[in-house]
Amino acid sequence: MSKRLIMQIALPVFIESALMMADSIIHVIWVGHLLGGLAVAAIGACFPIILAFAAIAGGAARVATTPILQHFQAKNKEKMQTYVNLSWSFGVCLVVIMTAGGYFSSRSLLALFGTPESVIGLAGGYLRIMMLGFAVMYLSFLTVSMLRAVGNVVARMLFVAVSIVGNLVLVPLFIEGTGPFPKWGLNGVAIAALIVSVVAIIVSLWYIRRRVKGLLTRPTGWQFNGKLMAAFLPAGMPVFMQQLMLALGYACILFFVNPFGSDAIAVFYVTSRIDSIAAMPSIAVMIAISVLTGKTLQAGRFSEIPNLFRRGLIVNLPVVLLISLLCFFAPHFIMELFINDPNIVSIGIGYFRIVSLGYMLFSVLYVCNGIITGVGKSGIITLFSLASLVVVRVPAAAFLTQAGFKVNGVWLAILASFVALAACSLFYYLFGSWKKGWKMTVMESSGMKS
């Protein structure tokens, strides 16, 4: 397997992810420079709650769209209409329940994680507005799911491009109240985000309607059938679990960060965005390795897997090393992109001087995970993630913060969990039981051919 082939698959994935990440950090930059550290901390305090709701919306959207797309591709209009009605009915009920539950429990959810009172006052209004927009969140996932299913990369990038431009323009206007726009401060960020999402959804649905005839079908009535919907629940589990693990991991660390005040919360939110950026090239390579592993095994070339592993590392390491060195030697520059508060920048420098050392492990972690996913053992990755959180990250954060390391103890715990996770994936790649099963499969296939 050549490095060029890995890059051909990984590069489009990376570009799409980079655009989505750009969309997610634009409002943080505006908030940091226009409203300051307390407002960034408020968004950070809301982040795990929003992620958890996104997990539900994303999983539900996948459950809703999977049967519709299957019957659309099979040209079975009658069954497709049945699932459109089911999905419509299911979606409306879900939106009503989640919107009401999220809106009325916003402050309680923030207090559950030990959020400082000074942050809750600002975060409460922002979170309630975001909860009122659950319908928009759900529709966004539905739209992206359909765009991904029809395989149109350009259309997905159009969706993200609309969001990026909208956030660049609207967020500062709603924060500061420029011209005819009202001055809504942090609440304006949430309102602008919802408006931009609605516009992106409308543009994307218009595109689907024009390019994919017959996919957008109107519901003809209410319909409920638990058995039919339950049959497609497994389709939504990967998306749900992926998002839920992110929310759980962030929330557990936030619980230990909160006692150190709003500045530490702001730092954790900003640096978590940088962590995601640092992981993006490795995740793109992981997806490429996963695809190529599957093709390699289907062709019966099991012996090429180690070569694929080496090629993945060669592609991955230079980029990850560059990011790691940049974060280690120029952390003040990175922090000042988001916020100018000297105390927040100082805490952020401490974070990067500790955690950026672990970024280099991403190259090994995600190449291993790509092979593990490619052989059909992705469940073990979720297990490793949960184990690194429960066995390493949380106990280490609890011990180190009490042992006098203060907030740096939390950063050390994050680094320790990176080490543990990479070690688990590497060990499973080298010695896992998946090898025996695939070796036997390849030998049997060779025997049948002969």
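Here the structure is a predicted model, which means the values were calculated and not measured.
Atoms CD1 and SG, from I380 and C424 in turn, are 9.0 Å apart once rounded to the nearest 0.5 Å. T296 contributes atom OG1, which lies 5.5 Å from atom CG of L308 (distance to the nearest 0.5 angstrom). To the nearest 0.5 Å, atom CD1 of residue I339 and atom CG of residue L337 are 12.0 Å apart. Taken from CG in L139 to CZ in F134, the straight-line distance is 10.0 Å, to the nearest 0.5 Å. Atoms CD and NZ, on Q81 and K79 in that order, are 14.5 Å from each other to the nearest 0.5 Å.
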Audit row: M98, I56, side-chain contact (heavy atoms from CB on, under 4.5 Å) steps and yes/no: CA-CA 9 Å; M98 297 305 297; I56 295 169; 3.4 Å; yes

CA sep, side-chain torsions, deciding dist, call: V95, V92, side-chain contact (heavy atoms from CB on, under 4.5 Å): CA-CA 5 Å; V95 165; V92 169; 5.9 Å; no

CA sep, side-chain torsions, deciding dist, call: Y359, F328, ring-ring contact (aromatic ring centres under 6.0 Å, His included): CA-CA 10 Å; Y359 292 166; F328 186 84; over 10 Å; no

Intermediate values then yes/no, side-chain contact (heavy atoms from CB on, under 4.5 Å), E336 and V345: CA-CA 7 Å; E336 287 172 359; V345 171; 4.0 Å; yes

F309 and Y429: CA distance, side-chain angles, deciding distance, ring-ring contact (aromatic ring centres under 6.0 Å, His included) verdict: CA-CA 10 Å; F309 175 78; Y429 161 69; 4.5 Å; yes

Step-by-step side-chain contact (heavy atoms from CB on, under 4.5 Å) determination, R311 to V315: CA-CA 6 Å; R311 294 290 185 184; V315 171; 5.6 Å; no

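At least one side-chain heavy atom of W411 sits under 4.5 Å from a side-chain heavy atom of V257. No side-chain heavy atom of V171 sits less than 4.5 Å from a side-chain heavy atom of I26. Between L127 and I50, the closest side-chain pair of non-hydrogen atoms falls below 4.5 Å. You'll find the side chain of V40 stays beyond 4.5 Å of the side chain of I43, heavy atoms only. At least one side-chain heavy atom of S140 sits less than 4.5 Å from a side-chain heavy atom of I201. Between Y366 and V285 there is no side-chain heavy-atom pair separated by less than 4.5 Å. Contact annotation: the side chain of S276 approaches that of M21 to within less than 4.5 Å [non-hydrogen atoms, C-beta and beyond]. Between C252 and R393, every side-chain heavy-atom pair lies at or beyond the 4.5 Å cut-off.
Put simply, the side chain of S388 never gets that close to the backbone of L421: no donor and acceptor are under 3.5 Å apart. A donor-acceptor pair is defined here as one N or O able to donate and one able to accept, closer than 3.5 Å; such a pair exists between the side chain of S106 and the backbone of G102. Without hydrogens or angle criteria, S89 side chain to N85 main chain gives a donor-acceptor distance under 3.5 Å. Proximity of a side-chain donor or acceptor of S87 to a complementary backbone N or O of V84 within less than 3.5 Å is not detected. A donor-acceptor contact shorter than 3.5 Å is absent between the side chain of H33 and the backbone of V28. Side chain of S425 to main chain of A422: no donor-acceptor pair is present (N/O by atom type, distance under 3.5 Å, no hydrogens or angles). Side chain of T293 to main chain of V375: no donor-acceptor pair is present (N/O by atom type, distance under 3.5 Å, no hydrogens or angles). For S324 (side chain) and L321 (main-chain N/O), no donor-acceptor pair under 3.5 Å exists by modelled atom type.
Residues T373 and I381 share a closest heavy-atom pair of OG1-CD1, 3.3 Å. When all heavy atoms of G44 and L254 are compared, the pair lying nearest together is O-CD2, 4.0 Å. The two residues S363 and S282 make their nearest non-hydrogen contact at N-OG, 3.9 Å. Considering all non-hydrogen atoms of both residues, K406 and F260 come closest at C-CZ, 3.4 Å. Across every non-hydrogen atom of A251 and P48, the tightest pair is CB-CB, 3.8 Å. Closest of all the heavy-atom pairs between P318 and L313 is CD-O, 4.3 Å.
Here F141 pairs with nothing under the ring pair (Phe, Tyr, Trp, His ring centres under 6.0 Å) rule; sequence neighbours left out.
Applying the 6.0 Å contact sphere to CZ of F113 captures more than 12 heavy atoms from other residues, nucleotides or ligands.
By the 30° and 60° cut-offs, the orientation of the rings of Y250 relative to F268 is parallel. Using a 30° and 60° split on the angle between ring planes, F427 and F431 fall in the tilted class, from 30° to 60°.
Exactly one of I354, V355, T401, V407 qualifies for a side-chain contact (heavy atoms from CB on, under 4.5 Å) with L412. That residue is I354.
No hydrogens or angles considered: nothing links the side chains of N408 and Y351 as a donor-acceptor pair under 3.5 Å.
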